[in-house]
Amino acid sequence: MRHGNQYRTRSFQPTYNWSFPLPRTHTGMLLGNGLMGAMVWGEELLCITIGRVDLWDHRGGLQWTEKQSYAAIRDCLERGDQQGLRKLFEETDRPPGHPARPSIVPVGRIEIDFGSNCSILSGELNLKMSSIVLSVSRGKREHRVRIVLDMTKPVLAVTMPAALRANVSRVPAWEYVGDHLTSIGFSEPELFDDDASSTHGWTQALPDDPAFGLSYRFDGRQLVLATGRGESPAAARDAAEALLGESPKDIQDRSRIWLNAFWKDAAYVDIPNQELKFLYDYGMYKFAGLTHPDGVAATLQGPWVEEYQMPPWSNDYHFNINVQMCYWPAFHGNRLEHLRPLFDLIHSWEPILRRNAHHFLGIDDGYMLPHAVDDRCTCMGGFWTGTIDHGCTAWVAQMMYRYYAYTLDRNFLAERAFPFMKGTMRVYEEMLERDGESFVLPVSVSPEYRGASMDAWGANASFQLACIHRLCEDLLAAARILGETPSPIWSEIADNCPRYSAFERNGKTEMGLWDGTPLEESHRHHSHLAAITPFDTLDWEDEETRAVIEQSICQWIAKGPGMWSGWCVPWASMIHSRLGNADAAELWLDIWQRVFTNEGHGTLHDVDVAGFSLMGKGAVSKQTARPEIMQMDAGMSAVAAIQEMLVHERRGIVYLFKGAPSQWRICSFAGMRVAGGFLLSAARGPDRVGSVTIESPHGGQIRLANPWGGTAMLIHADGRTQKLVGEILVVDTLPGDKLKLRRTP
């Protein structure tokens with residue numbers, strides 16, 4: 001381990017094993033590099049399903065126009081004019097044969113047949129190599145087949161012993177989705193076999209986008225496969241074939257170097273719950289392939305796109321929680337550079353975001369991001385509640401300020417985050433109205449609550465209020481840091497806007513969805529509790545606030561998980577960690593890995609165990625369930641939930657092990673990043689926390705909840721010591737300091 005705490009546990013495990021058969025695409029073992037993904041699965045055949053996260057058919061979708069103005073939407077809602085509301089969002093100019101919305105297009109797979117006497121027994125995934133070694137039996141002998149994906153290029157290699165005498169065949173996704181693609185103007189892919197160069201594959205023309213090509217070469221022992229894009233099918237094929245000269249050894253060496261650098265600085269955890277330890281290690285590995293700093297910003301599934309159907313929800317960008325969850329591990333996980341592709345993409349959309357705000361409110365200095373878009377920020381459809389859910393924009397603003405808080409990148413704050421935060425706030429400023437000395441948000445939504453029905457809105461949605469207060473706090477802090485004059489309205493709103501919608505029940509107050517509407521049913525989006533986490537706008541130490549939180553949690557628990565989807569369960573764990581309910585925090589993650597992952601550890605949107613949830617219609621029998629939906633958000637939020645069991649921040653104070661159950665007799669973490677850019681390492685033994693290491697690259701002050709409750713000793717690198725007392729330990733540091741805290745004897 002990379003830290004010197006007195007409680008030492010198991011070291012990082014770089015390999016994990018899968019038992020075959022893995023019968024479906026999304027049970028496959030994953031390889032990914034932020035652009036191209038591979039899912040390795042199979043029963044009698046070895047199947048390698050290939051996907052690309054940039055393979056968009058950009059046609060379709062909805063452009064925001066003047067008719068979708070705030071005034072027009074509000075008028076329809078207040079008059080109950082459902083037909084009028086539908087007309088505001090209806091499509092009127094989609095040409096015949098065009099798709100309703102943009103979508104990433106599936107690629108297909110390669111099948112390797114080892115013969116009738118062979119079977120795949122198991123696969124070993126090396127997290128430090130981006131490689132899989134399969135154990136394949138032929139008679140009484142076992143053979144090793146190695147699959148490795150380049151972490152820097154869209155190329156993959158398979159190496160196998162000649163004794164297996166394998167045959168390779170191709171299955172373009174057209175074999176499954178060809179009828180659909182034909183109906184929206186696609187032509188059939190062109191297969192090619194070049195005996196002179198021993199290359200095979202196919203190209204796929206796209207109606208209005210660059211073509212795609214997949215090419216592979218197989219000499220009996222080594223298969224090298226690559227993908228490419230080009231303005232024509234021939235150019236796409238050339239781009240792919242240019243990579244076929246890569247040797248498996250060079251691919252392996254590049255991947256090893258890249259992943260070693262990734263793991264060197266990534267936060268490490270060691271916990272006795274081995275199921276959760278696997279979720280963390282495999283999750284951080286998938287995070288690397290999902291959010292590669294030189295790759296494409298992460299979508300719902302990233303590069304892991306199935307071949308047998310069009311990807312659910314187009315594999316797009318959902319900003320009402322899903323994109324955010326995909327990136328949560330970056331913060332405590334100390335992989336902040338992985339956020340930059342997302343921020344760069346959003347920056348490229350800013351002219352569209354300004355136009356949206358102009359159409360919505362008539363302002364020219366606002367930003368407005370719909371909840372579901374493609375990589376060009378085209379709205380996916382007429383889901384009106386998602387379109388006006390300004391919390392999507394505010395949540396991105398929160399991510400940007402948090403990025404600054406963890407990196408102290410002043411240039412990013414000045415040039416990217418602060419302007420985006422101000423533009424986001426301008427929209428809220430226009431939507432808010434004064435009611436005496438207070439502010440009210442008269443038309444607001446809570447993500448996905450009541451869908452898009454006419455009653456899916458109300459005044460002062462708790463989710464939007466949490467977004468507003470988070471934004472106000474961050475704007476005021478950013479203005480101080482940059483020496484900017486804050487807008488007076490920010491403080492006015494912070495002081496006079498309610499922090500949540502209060503609902504009275506039997507003489508007790510709880511957080512409602514919006515004014516007059518409590519949590520009436522089980523719901524997958526814990527949006528009304530977002531002030532607890534991720535926005536952290538309520539003071540748990542305030543007695544009145546604590547009573548409201550406790551009552552809200554009671555109602556939430558009473559309604560239960562009957563309509564929960566996979567991604568909301570780790571969020572529930574994070575809420576319990578914040579409340580100090582460590583056993584519940586662990587339990588929900590245990591349930592999640594049992595109920596919302598499949599036999600190959602694929603992370604699912606819908607329940608995989610009949611009898612737990614109605615999500616996916618598989619409550620009574622799997623036969624009633626819809627086709628398998630794999631998304632990355634739940635797996636990434638599980639990683640973040642495990643991090644928060646060990647470290648999280650609440651109202652500027654760092655808490656250690658608040659979500660770690662007492663039965664975890666020994667657990668530890670190293671290199672966990674918190675606000676201020678501090679890196680923390682600590683271990684907890686059977687009866688107490690050991691020493692805590694604080695690395696301070698930038699200097700500054702860190703406030704740490706006292707994990708011992710008594711006097712603590714701060715030890716400087718030069719041996720100087722000082723005593724600290726109190727429930728909150730305040731530690732002032734200089735740039736480059738490496739300090740230790742421990743309990744005094």
Donor + acceptor pair across side chains of Tyr655, Arg578 (<3.5 Å) = no
Can we call the ring centroids of His359 and Trp64 under 6.0 Å apart?
-> no
Hey, does the side chain of His469 reach the backbone of Pro498 with a donor-acceptor pair shorter than 3.5 angstrom?
-> yes
Exercise: do Asp265 and Asn334 side chains pair donor with acceptor under 3.5 Å | no
Donor-acceptor side-chain pairing of Asp633 and Gln324 below 3.5 angstrom = no
With the threshold set at 4.0 Å, does a side-chain nitrogen-carboxylate oxygen contact exist between Lys508 and Glu550?
-> no
Is any side-chain heavy atom of Phe331 closer than 4.5 Å to a side-chain heavy atom of Leu339?
-> yes
Sequence neighbours excluded, every pair satisfying side-chain hydrogen bond (donor to acceptor under 3.5 Å, both in side chains) that has a member inside residues 434-444 = Arg434-Glu492
Arg673 side chain to Tyr406 main-chain N or O, any donor-acceptor pair under 3.5 Å?
-> yes
Side-chain heavy atoms of Thr517 within contact of Asp455, under 4.5 Å | no
Ring centre gap for Trp349 and Tyr367 strictly below 6.0 Å = no
Pair listing, ring pair (Phe, Tyr, Trp, His ring centres under 6.0 Å) test, anchored in residues 431-451, at least two apart = Tyr449-Trp514, Tyr449-His523
